[in-house]
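Input: a single structure, listed below in structure tokens.
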Amino acid sequence: MSTPTRGRGVIHDIGYRSFEGRRRGTGAIAASLYVTSLRNCFGLGRSGKSKIVPWLMAALILLPAVVLAGLILQLKKMALSDQADLFAPLSNYFGLPYWTQLLVTIFAAAQAPVLFSRDLRYRTIVLYFARPLSRSLYVLMRLAALATALFAVIVVPITIWYAVALTSDLDHAEHTRHYFSALFGITVLALVLAAVSGLIAALATRAGLAVAAGIAVLLVSSGVVTAVLGASAESDSRTTAQIAAAFNPFTAVASLTSVICRQPTPSDTIVRPHGFGWGAFFVVVSLLWIAVPTLLLMWRTRKAASL
């Protein structure tokens with residue numbers, strides 16, 4: 001009786017067909033991950049209840065822009081004194097994300113766990129790396145999708161607001177300059193919020209805890225910074241106010257947009273920076289708000305994938 005030979009394997013043909021199509025590279029995998037992640041941010045392709053929070057927040061962010069657009073249409077019917085009081089807020093497009101920062105925060109904090117927490121908690125993240133997709137590219141595509149979603153929910157309302165302004169008798173050149181300055185600020189803000197909320201979601205892993213932690217971190221920092229800004233305004237301490245603004249994403253990006261694009265700040269308590277020094281300061285601060293969480297998120301992903 002023959003004994004099986006050890007150390008030698010046998011390949012059995014059990015009838016599976018080999019893949020004969022065109023094999024796509026890393027770029028196609030990254031693009032597919034980006035599109036899928038962007039759809040997930042709005043609950044597309046997921047259950048009905050997954051669509052409630054993103055679309056509700058998007059609708060609530062849209063509401064102030066619709067009100068301001070309506071005021072533009074009613075300007076001719078108002079007294080001149082009332083018109084003068086409205087000229088500044090009606091052209092301050094970057095004010096929208098600052099005034100609705102609670103809604104923007106909830107959107108970012110609620111959607112970040114969809115992209116990061118579940119993959120890390122259930123260890124499905126290792127399946128992504130079975131294909132030629134690096135850890136860094138995975139993180140960057142997820143962050144790009146979240147930043148795009150944040151950008152969209154803010155830009156759509158201000159674009160409607162801007163389009164209505166162009167149909168009115170207001171200064172079109174001024175509104176155009178403020179609108180494109182706001183686009184710059186919103187782009188930076190979306191990147192910052194995506195990086196911060198993504199890191200929190202990756203560290204918390206549990207969706208409910210990640211949402212609560214993301215909201216708490218952003219709102220607590222906003223509350224503390226707002227209190228310091230108010231106290232600095234009363235004591236007329238411009239340096240303290242400008243340094244304090246760096247410790248919250250919304251005030252930091254508002255100051256950056258103000259100094260780079262020479263725009264008014266969305267709140268009287270936020271001191272408008274002047275000079276090259278403060279401009280460079282807020283550029284560095286904004287870059288740190290993006291780079292540090294992103295690098296920590298890459299480290300967290302590599303660590304989880306290696307376990």
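Sequence positions, counted from 1, serve as the residue numbers for this chain.
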Just so I know, are the side chains of [X] and [Y] near enough to count as touching, which here means a heavy-atom distance under 4.5 Å?
| X | Y | answer |
| --- | --- | --- |
| Pro64 | Trp99 | no |
| Gln263 | Arg272 | no |
| Leu256 | Val285 | no |
| Val283 | Ile260 | yes |
| Asn40 | Leu44 | no |
| Thr148 | Tyr34 | yes |
| Arg39 | Thr36 | no |
| Phe94 | Ser181 | no |

Which atom pair, heavy atoms only, marks the closest approach of [X] to [Y]?
| X | Y | result |
| --- | --- | --- |
| Arg300 | Ala202 | NE-O, 3.2 Å |
| Ser255 | Ile270 | OG-CG2, 3.7 Å |
| Ser197 | Ala112 | O-CB, 3.4 Å |
| Leu218 | Pro249 | CD2-CG, 3.9 Å |
| Ala145 | Cys41 | O-SG, 4.2 Å |
| Ala194 | Leu150 | N-CD1, 3.9 Å |

In Å and rounded to the nearest 0.5 Å, what is the [atom1] to [atom2] distance from [X] to [Y]?
| X | Y | atom1 | atom2 | answer |
| --- | --- | --- | --- | --- |
| Leu191 | Ile186 | CG | CD1 | 12.0 Å |
| Ile61 | Leu102 | CD1 | CG | 9.5 Å |
| Leu146 | Leu38 | CG | CG | 9.5 Å |
| Ile29 | Leu137 | CD1 | CG | 9.0 Å |
| Thr100 | Leu63 | OG1 | CG | 10.5 Å |
| Leu189 | Thr257 | CG | OG1 | 8.0 Å |

If the condition is side-chain contact (heavy atoms from CB on, under 4.5 Å), which residues does Pro264 pass it with, not counting sequence neighbours?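 side-chain contact (heavy atoms from CB on, under 4.5 Å) check on Pro264 returns nothing, list empty.
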Linking Ile, Leu, Val, Met, Phe, Trp and Tyr by side-chain heavy atoms under 4.5 Å, what else ends up with Phe276?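 Its cluster mates, by chain and number: none.
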Side-chain cluster (under 4.5 Å, hydrophobic types only) that Leu62 belongs to, other residues: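 For the cluster that includes Leu62, the remaining residues are Val66, Val156, Ile160.
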Do [X] and [Y] share a hydrophobic cluster, counting only Ile, Leu, Val, Met, Phe, Trp and Tyr and linking them when any side-chain heavy atoms are less than 4.5 Å apart?
| X | Y | result |
| --- | --- | --- |
| Phe180 | Val253 | yes |
| Val224 | Val196 | no |
| Val114 | Leu209 | no |
| Phe282 | Val228 | no |
| Tyr138 | Trp299 | no |

Qualifying residues under ring-ring contact (aromatic ring centres under 6.0 Å, His included), relative to Phe42, sequence neighbours excluded: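 For Phe42, the residues satisfying ring-ring contact (aromatic ring centres under 6.0 Å, His included) (neighbours in sequence not counted) are Trp55, Phe107.
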Side chain to side chain contact (heavy atoms under 4.5 Å, CB included), that's the test. Do Val104 and Val153 meet it? Break it down for me. CA-CA 8 Å; Val104 176; Val153 298; 5.8 Å; no
Within residues 218-233 or reaching into it, pairs that qualify as side chain to side chain donor-acceptor pair (under 3.5 Å) - sequence neighbours excluded: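 Those involving residues 218-233 are Gln101-Ser222, Ser221-Asn248.
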Tell me whether Ser168 contacts the main-chain N or O of Ala165 through its side chain, where contact means a donor paired with an acceptor under 3.5 Å.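 It does hold such a pair.
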Under a 3.5 Å cutoff, is there a donor and acceptor pairing between the side chains of [X] and [Y]?
| X | Y | value |
| --- | --- | --- |
| Tyr162 | His178 | no |
| Ser37 | Arg142 | yes |
| Thr265 | Ser267 | no |
| Ser136 | Arg302 | yes |
| Thr159 | Tyr179 | yes |
| Thr251 | Tyr98 | no |
| Ser47 | Ser50 | yes |

Under the side chain to side chain contact (heavy atoms under 4.5 Å, CB included) rule, what do Leu203 and Phe116 come out as? Steps first, then yes or no, please. CA-CA 9 Å; Leu203 294 175; Phe116 294 101; over 6 Å; no
So Gln111 and Val53, side chain to side chain contact (heavy atoms under 4.5 Å, CB included) or not? Walk me through it. CA-CA 9 Å; Gln111 301 316 304; Val53 172; 4.1 Å; yes
Ring pair (Phe, Tyr, Trp, His ring centres under 6.0 Å) pairs, two or more places apart, involving residues 220-275: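 For residues 220-275: none.
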